[in-house]
Amino acid sequence: MIFVDDIPFATSQFQMVRGRQILASLLDHPAVLSSSDRLKGTPEKKVSSAERPPPGRLVYVFQREYATVDPALVQLVGTDEATTCVGLVIRSRNTGITSVSHMDFPGVVDNGLAQMLSSIADSDDDSDEASFDVHIIGGFDDGPKRHPINATVSERKQKKEGFSLPLCSKLIEALHNSQQKFHLQTLCVLRHNTKLDSCGNACPIVSGFLVDTSSDSIMPASFDRSSRGPDEIVRRIRVSLSSDDSNWKGRLLDTYDTCHDRFEIAPCTWMSDWKSYASSLQQLSDSEFLLRCSTSPYAEAPDFVESERRKWNYLIENPDWRHTFTGKKPRIFQRTDDGGWSKCA
């Protein structure tokens, strides 16, 4: 159930409608408009682990990952690089435990939401008092205004909808249908999160955010490579190749151990023939590479191609997943005294 300004939004008129209709009504709500404007008006925080002093104990979430953090152990949690993807924040009002995910397609929403709620469950969650603050940020109006005359019906529908709208609609529908109480604090998506670049291409206004776990305050953010650790390349590979692994079908990728404040990068398998695919990609020009690898090539950050090329180069050099996940065990990283990460033997 969704609440806005502590009032249930799921009134009787919405009992039998789909997420798309509920989403459209939410986007017109004055409180949603106000919170979106407030977020967009907040200066973007540029996060770097090279900062002195360091920004604090940080947990970074990549695409299709989730992480649930204890405010007693972690000060900051966030994600970026979200164009057609959506970032979801769920914070327990009882404990302050905060879960952040970076969802990239509708098929991961139902199981992903269940994973997040399970990880923040506490002794009061079965009572009538259990409730959660929710922020939904990312996704933009990525559907083109025109489509080719010779496009098929299915192609016309996908092009008209884009990628963001189906994802946002599914997420709102899942929250609406849940028995949990979700207090919507931020809904900065779609038309509320769209601008035009100098060439007239639509792109997101906010593509990343940082949550202060002690206060639940949230701000736009971008992260450099040093702050997207640990194990950046392997985690990027899991995003691209997890669809081949039945263990991760329709699920968010396990990443972080809440109780011990450490990363446990769960194993993901891949076929050796990915090496030839990666090699073919590396032969493309940067512009061709961008068009091939992105759902929103005109909205990506300047370092997108470089980051993706490093990922595919790793696969060329490491075609056997068992060399990455030795003994089929997770890759574990512990927190260091300065707030960084160190790989366990």
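Model, not experiment: these values are computed from the prediction.
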Under 3.5 Å, which donor-acceptor pairs link side chains of residues 102-113 to any protein atom two or more places apart or in another chain?
{"residue": "H102", "atom": "ND1", "partner": "T79", "partner atom": "OG1", "Å": "2.8"}
{"residue": "D104", "atom": "OD1", "partner": "R64", "partner atom": "NE", "Å": "3.3"}
{"residue": "D104", "atom": "OD2", "partner": "Q63", "partner atom": "NE2", "Å": "2.9"}
{"residue": "D104", "atom": "OD2", "partner": "R64", "partner atom": "NE", "Å": "2.8"}
{"residue": "D104", "atom": "OD2", "partner": "R64", "partner atom": "NH2", "Å": "2.9"}
{"residue": "D110", "atom": "OD2", "partner": "K170", "partner atom": "NZ", "Å": "3.0"}
{"residue": "N111", "atom": "ND2", "partner": "G250", "partner atom": "O", "Å": "3.0"}

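For R93, the salt bridge (charged side-chain N to carboxylate O under 4.0 Å, His left out) partners are D6, D133, not counting sequence neighbours. The salt bridge (charged side-chain N to carboxylate O under 4.0 Å, His left out) test applied to D337 returns no partner, not counting sequence neighbours. Shown here are the salt bridge (charged side-chain N to carboxylate O under 4.0 Å, His left out) partners of D286, two or more places apart in sequence or in another chain: R309. Under the rule for a side chain to side chain contact (heavy atoms under 4.5 Å, CB included), the partners of S222 that lie at least two apart in sequence or sit in another chain are E44, K46, D80. With sequence neighbours excluded, the residues that form a side chain to side chain donor-acceptor pair (under 3.5 Å) with S287 are S285. Shown here are the salt bridge (charged side-chain N to carboxylate O under 4.0 Å, His left out) partners of D273, two or more places apart in sequence or in another chain: there are none. In this structure, the side chain to side chain contact (heavy atoms under 4.5 Å, CB included) partners of D5, at least two apart in sequence or on a different chain, are H29, A31.
Residues K343 and P230 are not in side-chain contact: their nearest non-hydrogen atoms beyond the backbone lie 4.5 Å or more apart. No side-chain heavy atom of D261 sits under 4.5 Å from any side-chain heavy atom of D70. Within the 4.5 Å cutoff, side-chain heavy atoms of R331 are placed close to those of T324. Contact annotation: the side chain of I137 never approaches that of V189 to less than 4.5 Å [non-hydrogen atoms, C-beta and beyond]. Residues S296 and F163 have side chains not in contact (no heavy-atom distance under 4.5 Å, counting atoms from C-beta outward). Counting only heavy atoms from C-beta outward, the side chains of L165 and L23 approach each other to under 4.5 Å. When side chains are defined from C-beta on, H135 does not count as touching R91, because their heavy atoms never get closer than 4.5 Å. Residues K195 and K40 have side chains not in contact (no heavy-atom distance under 4.5 Å, counting atoms from C-beta outward).
S92 places no side-chain N or O within donor-acceptor distance of the main-chain N or O of I97, the cut-off being under 3.5 Å. Between the side chain of S36 and the main chain of V32, a donor-acceptor pair closer than 3.5 Å is present. A donor-acceptor distance shorter than 3.5 angstrom exists from the side chain of W270 to the backbone of P319, with no hydrogens or angles considered. S118 contributes no side-chain N or O that, together with a main-chain N or O of A114, makes up a donor-acceptor pair within less than 3.5 Å. Judged purely by atom type and a 3.5 angstrom limit, H183 has no side-chain atom pairing as donor or acceptor with the backbone of S131. Proximity of a side-chain donor or acceptor of S164 to a complementary backbone N or O of F140 within less than 3.5 Å is detected. D197 places a side-chain N or O within donor-acceptor distance of the main-chain N or O of N201, the cut-off being under 3.5 Å. The closest donor-acceptor contact from the side chain of T213 to the backbone of Q75 lies under 3.5 Å. No donor-acceptor pair closer than 3.5 Å links the side chain of S240 to the backbone N or O of I237. A donor-acceptor pair is defined here as one N or O able to donate and one able to accept, closer than 3.5 Å; such a pair exists between the side chain of S226 and the backbone of S49.
Atoms OG1 and CG, on T84 and L167 in that order, are 8.0 Å from each other to the nearest 0.5 Å. The CG atom of L190 lies 8.5 Å from the CG atom of N193; values are rounded to the nearest 0.5 Å. Rounding to the nearest 0.5 Å places OG1 of T326 at 10.0 Å from CH2 of W321. Within the model, atoms OG1 of T42 and CZ of F209 stand 14.0 Å from one another, a figure rounded to the nearest 0.5 Å. Interatomic distance, L171 CG to L88 CG, rounded to the nearest 0.5 Å: 5.5 Å. Between atom OG of residue S169 and atom NE2 of residue H176 there is a gap of 13.0 Å, rounded to the nearest 0.5 Å.
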Task: Full working for side-chain contact (heavy atoms from CB on, under 4.5 Å) between F325 and R238 - done: CA-CA 11 Å; F325 295 100; R238 291 197 315 162; 4.2 Å; yes
Task: side-chain contact (heavy atoms from CB on, under 4.5 Å) between H192 and L39, intermediate numbers included - done: CA-CA 11 Å; H192 292 332; L39 178 70; over 6 Å; no
TODO: Could you please spell out the steps behind the salt bridge (charged side-chain N to carboxylate O under 4.0 Å, His left out) verdict for R228 and D303?
DONE: CA-CA 13 Å; R228 291 180 181 145; D303 63 347; 3.2 Å; yes
Open item on the list: Checking K45 against E51 for the salt bridge (charged side-chain N to carboxylate O under 4.0 Å, His left out) test, could you report, in this order, the C-alpha distance in whole Å, the side-chain angles of both residues, the deciding distance, and whether it holds?
Closed with: CA-CA 12 Å; K45 169 71 173 176; E51 290 181 41; 3.7 Å; yes
Task: Audit row: C293, L281, side-chain contact (heavy atoms from CB on, under 4.5 Å) steps and yes/no - done: CA-CA 9 Å; C293 295; L281 284 178; 4.1 Å; yes
Open item on the list: Walk me through whether T98 and I90 qualify under side-chain contact (heavy atoms from CB on, under 4.5 Å).
Closed with: CA-CA 6 Å; T98 301; I90 303 177; over 6 Å; no
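Under a 4.5 Å side-chain heavy-atom cut-off, the cluster of Ile, Leu, Val, Met, Phe, Trp and Tyr residues that includes L33 has no other member. Applying the 4.5 Å side-chain rule to ILVMFWY residues, one finds V47, L58, F62, L76, L210, M219, F223 in the same cluster as Y60.
The neighbour count for Y298 OH, taken as heavy atoms of other residues, nucleotides or ligands under 6.0 Å away, does not exceed 12. Counted within 6.0 Å of CZ on R292, heavy atoms from surrounding residues, nucleotides or ligands total 12 or fewer; the atom is thus considered open. Atom NZ of K275 sits in a sparse spot, with 12 or fewer heavy atoms from other residues, nucleotides or ligands closer than 6.0 Å.
Closest heavy-atom contact between A202 and A299: O-CB, 4.3 Å.
Applying the salt bridge (charged side-chain N to carboxylate O under 4.0 Å, His left out) test to pairs two or more places apart or on separate chains, those with a residue in residues 246-259 are R251-D254, D257-R262. Pairs passing the ring pair (Phe, Tyr, Trp, His ring centres under 6.0 Å) check and including a residue from residues 225-258, sequence neighbours excluded, read Y256-F263.
Defined by atom type and a distance below 3.5 Å, a donor-acceptor pair is present between the side-chain atoms of D224 and S227. Using a 3.5 Å distance cut-off with no hydrogens or angles, the side chains of N313 and E317 do pair a donor with an acceptor.
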